[in-house]
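Notes follow the structure.
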Amino acid sequence: METKNIARKGRFEFLDGIRGLAAIFVLIRHTGGLWNVEFFHSYLAVDIFFMLSGFVIAHAYDERINNGTISIFNFVQVRVIRLYPVYIFSLLLISIFLFGQMIVGKHFNSFELMQFASMVALTAIFLPSHVRGDNALFPINGPYWSLFFELIANFVYAVICPKLTKLLNVLIVLCAGVAMAIIAFRNGDLNIGFSWGLKSIVGGLSRSHFGFFLGLLLYKYHVAFACWCKGRVSHWFSIAAVVAILACPSFGTFNPWFDLLAIALVFPMCVLIAAQPVESESKLTGTLVLLGAASYPLYVLHIPMAKVLNQGLKYFPIPLGGFVFAAIVIAFSIWLERKYDIPLRRKMMARLGRRKITMG
């Protein structure tokens with residue numbers, strides 16, 4: 001990364017913080033019963049993830065793909081390795097829990113068992129499945145839908161990267177943005193992309209490609225922005241703005257306008273502000289890095305862990321149960337990233353014989 005701080009640590013601390021806080025908003029959204037609170041626009045956290053993914057991947061792989069240091073196939077392998085250890089852990093956890101429920105309840109037949117097995121098998125290779133009575137792309141763990149669309153955007157990027165001029169990048173963002181706007185007004189908001197149906201699939205593709213390719217553009221200009229801004233705007237403004245957007249209530253018929261404004265204007269500015277060099281480290285920035293490390297495990301594990309811990313959490317009053325659950329998931333996510341995810345990814349990279357490729 002281009003600043004002294006980034007060169008030293010390989011981290012954008014405040015981007016880590018944004019990612020971590022966005023993941024917490026997703027957790028609260030999907031476990032609302034533990035909090036008795038609704039952050040209506042928290043679904044926009046996914047658009048932040050797409051944008052940050054493009055930004056970080058541009059830093060890590062643009063030059064290497066363009067100069068042939070890493071092939072398209074190797075890039076796809078590295079991206080899958082980056083996601084897979086925690087992904088498969090969460091899939092095993094939720095699969096064992098749901099299968100245990102089926103056994104204890106004795107309310108399944110051979111057809112349902114085969115349907116369950118096929119769903120798990122497809123999910124294991126990042127593919128959606130269709131289960132009778134459930135319209136979700138990934139019925140076993142809903143948040144997987146964004147990983148599916150992100151991998152598609154990653155593959156498109158890898159294929160066109162050598163020819164991805166700034167003009168072409170802008171055109172992709174504009175086309176995806178137009179499609180996203182149409183979907184937003186037809187749906188009433190941008191809370192879409194996680195279910196079957198043409199409108200939802202187009203919504204998922206447009207949201208992922210708009211955010212991801214906009215993130216690529218933001219990376220190209222973040223150094224120039226930092227030189228122009230010269231620290232006049234605090235990094236903490238980006239944190240506050242993202243939290244404010246995700247915590248907003250519904251605005252009824254104005255929701256499409258709000259969503260599009262947030263994704264196309266507020267979030268990009270927040271990314272550029274957060275990507276400015278950090279002059280000095282502190283415990284607060286260290287906390288942001290920890291939140292960033294926990295964000296991905298937290299995102300894919302919060303629903304499985306909510307199901308596993310549900311009975312015990314019922315003994316806590318609202319919203320104490322929510323805080324207890326969040327603390328458990330965050331602590332476990334940090335531990336899992338350090339003790340399981342990073343070591344396993346290193347072993348998988350070594351087996352590929354690509355030790356010189358750093359993990360993205």
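The analysis underlying the following values was restricted to heavy atoms, covering all of them including side chains, and did not include hydrogens, waters or symmetry mates. Values in this document were obtained by computation on a predicted structure and should not be read as measured data.
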Parallel, tilted or perpendicular, as decided by the 30° and 60° cut-offs, for the rings of F213 and H209
parallel

Is there a side-chain contact between I28 and E38 in this structure, where contact means two heavy atoms from C-beta onward sitting under 4.5 Å apart?
no

Short question: side chain of Y296, backbone of L83 - any donor-acceptor pair under 3.5 Å?
yes

Please examine the side chains of W236 and L284, heavy atoms only from C-beta on, and report whether any two atoms are closer than 4.5 Å.
yes

Connected via hydrophobic side-chain network under 4.5 Å: F212 and V159:
yes

Run the side chain to side chain contact (heavy atoms under 4.5 Å, CB included) check on D341 and R82 step by step: do they pass?
CA-CA 9 Å; D341 185 31; R82 172 63 185 91; 3.8 Å; yes

Can you find a heavy atom in the side chain of L27 that is under 4.5 Å from one in the side chain of I330?
no

Tell me whether Y299 contacts the main-chain N or O of P143 through its side chain, where contact means a donor paired with an acceptor under 3.5 Å.
yes

Can you give me the closest heavy-atom contact between S295 and A23, atom names plus distance?
O-CB, 3.7 Å

When the ring planes of W145 and F194 are compared, do they come out parallel, tilted or perpendicular, using 30° and 60° as the limits?
perpendicular

Rounded to the nearest 0.5 Å, how far does CG of N154 lie from CD1 of I57?
4.0 Å

Ring geometry between F185 and W257 (parallel below 30°, tilted from 30 to 60°, perpendicular above 60°):
perpendicular

Strictly by salt bridge (charged side-chain N to carboxylate O under 4.0 Å, His left out), give each pair with a member in residues 194-218 just once, sequence neighbours left out.
D47-R207

Does the S53 side chain pair with the main chain of F49, one donor and one acceptor, at a distance under 3.5 Å?
no

Whether Y87 and Y144 hold their rings parallel, tilted or perpendicular, with breakpoints at 30° and 60°
tilted

Classify the ring geometry between H222 and F55 as parallel (under 30°), tilted (30 to 60°) or perpendicular (over 60°).
perpendicular

A side-chain contact here means heavy atoms from C-beta on lying under 4.5 Å apart; do P85 and Y340 qualify?
yes

N/O donor-acceptor pair under 3.5 Å between S195 side chain and A136 backbone:
no

Hey, could you give me the CZ/CG distance between F258 and L44, rounded to the nearest 0.5 Å?
7.0 Å

Can you confirm whether Y221 is buried at OH, in the sense that more than 12 heavy atoms of other residues, nucleotides or ligands lie under 6.0 Å from that atom?
no

Contacts of K339 meeting side-chain contact (heavy atoms from CB on, under 4.5 Å) (sequence neighbours excluded), chain-then-number -> W335

In terms of ring plane angle, is the pair H59 and F12 parallel, tilted or perpendicular, where the classes change at 30° and 60°?
perpendicular

Looking at C270 and A241, what are the two nearest heavy atoms and their distance?
SG-CB, 3.5 Å

Indicate if M102 and I303 have the same hydrophobic cluster label, given that clusters are the connected sets of ILVMFWY residues with side-chain heavy-atom separations under 4.5 angstrom.
no

Could you note down all residue pairs passing salt bridge (charged side-chain N to carboxylate O under 4.0 Å, His left out) where residues 209-229 supplies at least one of them, sequence neighbours left out?
D62-K220

Is any side-chain heavy atom of L260 closer than 4.5 Å to one of M180?
yes

Nearest heavy-atom pair of I183 and G203: which atoms, and what distance?
CG2-CA, 4.0 Å

Can you measure from CG (L291) to CZ (R19) and round to the nearest 0.5 angstrom?
11.0 Å

pair D189-Y43: side-chain heavy atoms closer than 4.5 Å:
yes

How long is the straight-line distance from CG of L34 back to CD1 of I318, given to the nearest 0.5 Å?
7.5 Å

In sequence, state the C-alpha distance, the side-chain angles, and the governing distance for F126 and Y84, and then conclude on ring pair (Phe, Tyr, Trp, His ring centres under 6.0 Å).
CA-CA 9 Å; F126 292 102; Y84 206 70; 5.7 Å; yes

Given side chains that start at C-beta, do those of P319 and N36 come closer than 4.5 Å, heavy atoms only?
no

Please tell me whether E63 and N66 have a donor and an acceptor in their side chains that are separated by less than 3.5 angstrom.
no

CD1-CG distance between I88 and L93, expressed to the nearest 0.5 angstrom
12.0 Å

CZ (F148) and OG (S208) are apart, to the nearest 0.5 Å, by 9.5 Å

On a heavy-atom basis, which atom in S90 and which in N141 lie closest, and how many Å separate them?
OG-ND2, 4.4 Å

Show your reasoning for whether side chain to side chain contact (heavy atoms under 4.5 Å, CB included) applies to I172 and V156.
CA-CA 11 Å; I172 293 173; V156 171; 5.7 Å; no

Taking all heavy atoms of S95 and all of V120, pick out the closest pair and write down the distance.
OG-CG2, 3.7 Å

So, H41 side chain and P249 main chain: donor-acceptor pair closer than 3.5 Å or not?
yes

Step through the shown structure and confirm whether more than 12 heavy atoms of other residues, nucleotides or ligands are within 6.0 Å of CZ on R132.
no

For L113 and F99, what are the C-alpha separation, side-chain angles and deciding distance, and is it a side chain to side chain contact (heavy atoms under 4.5 Å, CB included)?
CA-CA 9 Å; L113 195 58; F99 184 70; 3.6 Å; yes

For the hydrophobic clusters of this structure (ILVMFWY residues joined by side-chain heavy atoms under 4.5 Å, transitively), does one cluster hold both F50 and M269?
yes

Nearest heavy-atom approach of P268 to L218 is CA-CD1, 3.8 Å

Donor-acceptor check, side chain of W196 to backbone of S129, threshold 3.5 angstrom: yes or no?
yes

Would you say the side-chain atoms of Y157 pair up with the backbone N or O of L164, donor to acceptor, closer than 3.5 Å?
no

Using the rule that Ile, Leu, Val, Met, Phe, Trp and Tyr join whenever any side-chain heavy atoms are under 4.5 Å apart, tell me whether I263 and L217 fall into a single cluster.
yes

Would you sort out whether V300 and F89 count as a side chain to side chain contact (heavy atoms under 4.5 Å, CB included), showing the intermediate values?
CA-CA 9 Å; V300 296; F89 181 90; over 6 Å; no

V80 reachable from I125 in the ILVMFWY side-chain graph, under 4.5 Å edges:
yes

Treating Q276 as the side-chain partner and V233 as the backbone partner, does any N or O pair qualify as donor plus acceptor under 3.5 Å?
yes

Are the side chains of I182 and V202 in contact, using a 4.5 Å heavy-atom criterion?
no

I'd like to know whether CZ of F251 has more than 12 heavy-atom contacts from other residues, nucleotides or ligands below 6.0 angstrom.
yes

